[in-house]
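Below, each value reflects all heavy atoms present in this structure, side chains not excepted, and no hydrogens, waters or symmetry copies. Proteins get letters first, then strands, A, B, ... in listed order; numbering begins at 1 in each.
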Number of protein chains: 2
Amino acid sequence: MKEIFNASQPTGLPPAPAALAAKVRTLTPSLTRSMQRVAEAVADNPAGCAALTVTGLAELTGTSEATVVRTARLLGYPGYRDLRLALAGLAAHQQSGRAPSVTADIAVDDPISEVVAKLAYDEQQTLADTAAGLDTVQLAAAVAAAATARRIDVYGVGASSLVGMDLAQKLLRIGLIAHAHADPHLAVTNAVQLRSGDVAIAITHSGSTGDVIEPLRVAFERGATTVAITGRPDGPVTQYADHVLTTSTARESELRPAAMSSRTSQLLVVDCLFIGVAQRTYETAAPALAASYEALAHRHTPRNAR
Amino acid sequence: MKEIFNASQPTGLPPAPAALAAKVRTLTPSLTRSMQRVAEAVADNPAGCAALTVTGLAELTGTSEATVVRTARLLGYPGYRDLRLALAGLAAHQQSGRAPSVTADIAVDDPISEVVAKLAYDEQQTLADTAAGLDTVQLAAAVAAAATARRIDVYGVGASSLVGMDLAQKLLRIGLIAHAHADPHLAVTNAVQLRSGDVAIAITHSGSTGDVIEPLRVAFERGATTVAITGRPDGPVTQYADHVLTTSTARESELRPAAMSSRTSQLLVVDCLFIGVAQRTYETAAPALAASYEALAHRHTPRNAR
DNA sequence: CGTATAACGAAAATATCTTTCAATATGTGA
DNA sequence: TCACATATTGAAAGATATTTTCGTTATACG
């Protein structure tokens, strides 16, 4: 067996400078056990790890040099040396940064004001991570496909279905033909109709939601351009995806289900996709948007209150 | 003859992080010619030098490895390796200094990477604004009402309907009885059923969406506790709201409809509401959340994909 | 002009990083 | 449950990079 971990990097992204923390979080779930230990140590204490040699870090994490190097590769660096440099950069970056006062998890007895602060902070973090980890090449490709598509189908179930509907709603507003399917059966039924020139978008945080993978597979086999928006760029869903857009995976806690931050992340991706498409179809998008405002105007009472 | 350059460091100062540039200037006059060349290169372009090996830097400056190492020592580092680390840190530091260039609006011809950065930044801003402007007293009151409610109805149309569904979905997950209504007629029909001890929540960015105000008014008159989530705390909807939760109103542009940032803001408020309720119903919420995970487990394929 | 000293670089010695490969663990299908 | 295939892992060999050594060349000073 050959170990070509570089191949797992879809497009040759240049290693991340301060986006390292994001990358670690995004990638952690798809790492093996010992690699996770290394990644954790690195994310936990960048400054400390930057001071260590491969051997040192291997000992600290109770693994081998080989594993450390492998982890560095997975993180997108050519080797440990480069990861170490990035780590030093990150450390300096953090140092200059602000006080990470609210990093703690939300507890059952947190006062409501604390909850607001922590949630806002977490979601901001999620946004930053997502933006940092988003592959703009893949995004551009997805945008190009969507902008010229005959029709666009969006698949998502559970929490992701709302994101799907949001995307479809917005695309409709700029005059594109888009549908969101939350019902797996109807999704497959519709996917069968797709062909080359159409676009299918699957949204699943886990990357392994059968109900979403199935319609994407059908669309893929019918020749449609397929896009996966997922937190697991190595998950089964990517088998049938021409373009993969990665969402960030923030830690979850008992009170804070993963759905919450994954939704934030997914929405940002979807927004980017939408804006990208709107740019490329500006001629028709702008008047369509204006028209939809116009149509809604009479639904608002003339704010006489107070 | 022995070369103990370390001895030239009077007091065992720890290597400088960002004070490197200063150190270089201070030390330059006392350096030999070739060492000056090295120091100059380093001060000139920290990022570039950080990417070079000893040999590389030696060649670049037309000197030898030994000289580079000697210079590193003079600068206060144990060796070149450490200088390089410091250089990487310095580079990252400098980079972070000039970051806030993304304040501008999204333009039609922005490259996709710019779009991602601007959107992420805007949404982060929206979150911060929302958290800052949220009245925790009102929020606490709304939470208390929802946590003990017999049933919870949520009204929202258009983009806000998705937020409403999100809230209802989550409340359902922790065992509460919640419904989201996007259909104005059904919403009113259901609102008639409410009475004291029930909670009705209206979500409208403009604060003047008749289709949402109407059911809230009905619920209000029936004696239910009513909550308005709106960007216009002076809008008509607040007439019938016992508690008003204010969302932030970010600027919108031609390509960036208001729906986008209002949605972000609304979701944060809804999340806070949810977490608050989950805290107060922890005894039942925690097992209910766990159970809902459990129920979904088999819907995921066992990640066999490479 | 000669000598002492400092500056410098080539190359050896060492440390560090990377790769290979075999052993072990893990999961999958009969 | 077992046998098989595949993935994960670390020890050690191999390759690079860094540091040290040491001899040569340059410079200063008497």
How many whole angstroms separate atom [atom1] of [X] from atom [atom2] of [N]?
X       : N      : atom1 : atom2 : result
B:Arg33 : D:dA26 : CZ    : P     : 11 Å
A:Arg70 : D:dA11 : CZ    : P     : 12 Å
A:Leu57 : D:dG10 : CG    : C1'   : 15 Å
B:Arg37 : C:dA7  : CZ    : P     : 14 Å
B:Met35 : C:dA6  : CE    : C1'   : 11 Å
B:Leu85 : D:dT18 : CG    : P     : 11 Å

Side-chain donor-acceptor pairs under 3.5 Å in residues 36-48 of chain A, sequence neighbours left out?
residue	atom	partner	partner atom	Å
A:Gln36	NE2	A:Thr28	O	3.1
A:Gln36	NE2	A:Leu31	O	3.2
A:Arg37	NE	A:Thr61	O	2.9
A:Arg37	NH2	A:Gly62	O	3.3
A:Asn45	OD1	A:Gly48	N	2.8

Practice prompt. Scan B:Gly62 against the nucleic acid and name what it touches under 4.0 Å (heavy atoms): base, sugar-phosphate only, or nothing.
Written response: sugar-phosphate
Discussion item. If you define the side chain from C-beta out and look only at heavy atoms, does anything of B:Leu85 sit under 4.5 Å from B:Leu87?
Written reply: no
Discussion item. Can you pull out every salt bridge (charged side-chain N to carboxylate O under 4.0 Å, His left out) where at least one residue sits in residues 47-60 of chain B? Sequence neighbours excluded, please.
Written reply: none
Worksheet entry | salt bridge (charged side-chain N to carboxylate O under 4.0 Å, His left out) contacts in which one or both residues fall within residues 183-207 of chain A, not counting sequence neighbours | A:Arg150-A:Asp198
Response to the item:
Contact check, residues 41-49 of chain B vs DNA chain C, heavy-atom distance under 4.0 Å, returns none
Item to complete: Could you tell me whether A:Lys118 and A:Glu123 have a side-chain N and a carboxylate O separated by less than 4.0 Å?
Response: no
Worksheet item: Under 4.0 Å between a Lys/Arg side-chain N and an Asp/Glu carboxylate O for B:Lys170 and B:Asp166?
Response: yes
For nucleotides 15-18 of chain C, print each protein N/O atom paired with a nucleotide N/O atom at under 3.5 Å, atom names and distance only.
residue	atom	partner	partner atom	Å
C:dC17	OP1	A:Arg84	NH1	2.9
C:dC17	OP2	A:Val54	N	2.6
C:dT18	OP2	A:Tyr80	N	2.7

Worksheet, complete the sentence: OG1 (A:Thr264) and CG (B:Asp271) are apart, to the nearest 0.5 Å, by 6.5 Å
Discussion item. Among residues at least two apart in sequence or on other chains, which ones pass side-chain contact (heavy atoms from CB on, under 4.5 Å) with A:Ala66?
Written reply: A:Ser64, A:Arg70
Discussion item. For A:Thr63 and A:Ser34, which I'm curious about, is there any donor-acceptor pair between the side chains at under 3.5 Å?
Written reply: no
Worksheet item: Phosphate oxygens OP1/OP2 of C:dC8: is one of them under 4.0 Å from a side-chain N or O of B:Ser64?
Response: no
Item to complete: Establish, with yes or no, whether the OP1 or OP2 oxygen of C:dC8 is under 4.0 angstrom from a side-chain nitrogen or oxygen of B:Thr67.
Response: no
